Amino acid sequence: MPHFEIHASDVEAAKAFYSGLFGWDFSPMEGGEEMDYHLIEGDQIGMDKGVTGGLMSRMGDAPQPGAPIRGGTMTFEVDDCDARYAWALDNGGAEALPPEDYPGIGRCAYVEDGQGNVVGLIKPVNMER
């Protein structure tokens, strides 16, 4: 299932903004406390809606206003997180966050694509598709 993440310097302000803009609800993700990670629920976003989203504390400085790309990341479901991660590193990608298990979520990793973008990989805990 596709997953996107919004990075915010002020998580509470971002939650208020997106809640007002789209009517989204946020719930803290178990295991994501260190990143102040919140899962998004909305009329088109959530575990039973085909796409999931998260809002998290930004790591590092915020991009300058007007910078050409200031977006978040997209994460895609894979059948083997470690194999896809290794493929990425062998084919022009670079490490952003090595594979790690997140209880109740799955095994996740992030790679840089060689073009200045970061893409996420996840093998969910209960991958039955």
Side-chain angles (χ1 to χ4, degrees):
M1 175 179 318
H3 178 82
F4 68 90
E5 292 172 333
I6 299 169
H7 302 261
S9 298
D10 183 337
V11 170
E12 291 305 312
K15 285 169 43 181
F17 178 84
Y18 285 105
S19 179
L21 184 63
F22 296 125
W24 291 350
D25 293 314
F26 298 88
S27 58
M29 183 183 85
E30 184 177 334
E33 296 82 6
E34 184 177 322
M35 297 174 281
D36 200 11
Y37 201 103
H38 292 78
L39 296 172
I40 300 169
E41 272 294 325
D43 63 341
Q44 300 174 33
I45 300 166
M47 292 304 292
D48 59 345
K49 299 183 179 109
V51 65
T52 59
L55 176 73
M56 65 184 287
S57 184
R58 181 181 306 283
M59 295 179 217
D61 296 332
Q64 293 297 315
I69 297 181
R70 297 180 279 159
T73 57
M74 288 290 298
T75 300
F76 297 94
E77 198 170 290
V78 295
D79 60 357
D80 185 328
C81 187
D82 294 88
R84 297 288 82 212
Y85 181 79
W87 184 94
L89 297 185
D90 289 343
N91 288 274
E95 178 178 291
L97 183 70
E100 186 172 334
D101 291 318
Y102 293 89
I105 302 297
R107 189 156 180 81
C108 304
Y110 292 89
V111 294
E112 293 184 15
D113 69 355
Q115 305 300 315
N117 303 299
V118 174
V119 64
L121 313 166
I122 183 171
K123 179 176 182 193
V125 169
N126 297 318
M127 187 173 178
E128 297 173 8
R129 293 185 273 286

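Since the model is a prediction, treat every value here as computed from it, not as a measurement. Just the heavy atoms: all of them, side chains too, but no hydrogens, waters or symmetry mates, feed the values below.
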Practice item. Quick one: closest heavy-atom pair of G104 and V125, and the distance? Key: C-CG2, 3.8 Å
Practice item. Mind checking the NZ-CD1 spacing from K15 to I40? Nearest 0.5 Å is all I need. Key: 11.0 Å
Point to revise | Nearest-0.5 Å distance that lies between atom CD1 in I105 and atom CG in L39 | key: 6.0 Å
Review point. Are F22 and D43 close enough that some pair of their side-chain heavy atoms sits under 4.5 Å apart?
Key: no
Review point. Taking all non-hydrogen atoms of both residues, which atom of E5 and which atom of H7 are closest, and how far apart?
Key: O-CD2, 3.9 Å
**Study point:** Smallest separation among heavy atoms of Y85 and P98, with atom names
**Key:** OH-CA, 3.5 Å
Check your understanding: Is the number of heavy atoms from other residues, nucleotides or ligands under 6.0 Å of D61 CG greater than 12?
Key -> no
Exercise for review: Count the heavy atoms belonging to other residues, nucleotides or ligands that lie under 6.0 Å from OH of Y18, then report whether that count exceeds 12.
Suggested key: no
Review point. Roughly how far, to the nearest 0.5 Å, is the CG atom of D36 from the CZ atom of R58?
Key: 13.5 Å
Review point. Are E41 and S27 side-chain neighbours, meaning at least one heavy-atom pair lies under 4.5 Å?
Key: no
**Study point:** ILVMFWY network linking L97 to W87, side-chain heavy atoms under 4.5 angstrom
**Key:** no
Review point. Looking only at atom types and distance, does a side-chain atom of K49 sit under 3.5 Å from a main-chain N or O of G42, one as donor and one as acceptor?
Key: yes
Review point. Does the side chain of M59 reach to within under 4.5 Å of the side chain of M35, using non-hydrogen atoms?
Key: yes
Review point. What heavy-atom pair brings D80 and D82 nearest, and what distance separates the two atoms?
Key: OD1-N, 3.1 Å
Review point. More than 12 non-hydrogen atoms from neighbouring residues, nucleotides or ligands closer than 6.0 Å to CD on E95, yes or no?
Key: yes
Review point. So, the side chain of E33 versus the backbone of G31: is there a donor-acceptor pair under 3.5 Å, distance only?
Key: yes
Check your understanding: To the nearest 0.5 Å, what is the distance between CZ (R107) and CG (L121)?
Key -> 11.0 Å
Review point. Got a second to check how far I122's CD1 is from T52's OG1, nearest 0.5 Å?
Key: 7.0 Å
**Study point:** Shortest non-hydrogen contact between W24 and F4, atoms and distance
**Key:** CH2-CZ, 3.9 Å
Exercise for review: Drop me the distance from D25's CG to S19's OG, to the nearest 0.5 angstrom.
Suggested key: 6.0 Å
**Study point:** Shortest non-hydrogen contact from C81 toward P99
**Key:** SG-CB, 4.3 Å
Practice item. Indicate if M47 and I6 have the same hydrophobic cluster label, given that clusters are the connected sets of ILVMFWY residues with side-chain heavy-atom separations under 4.5 angstrom. Key: no
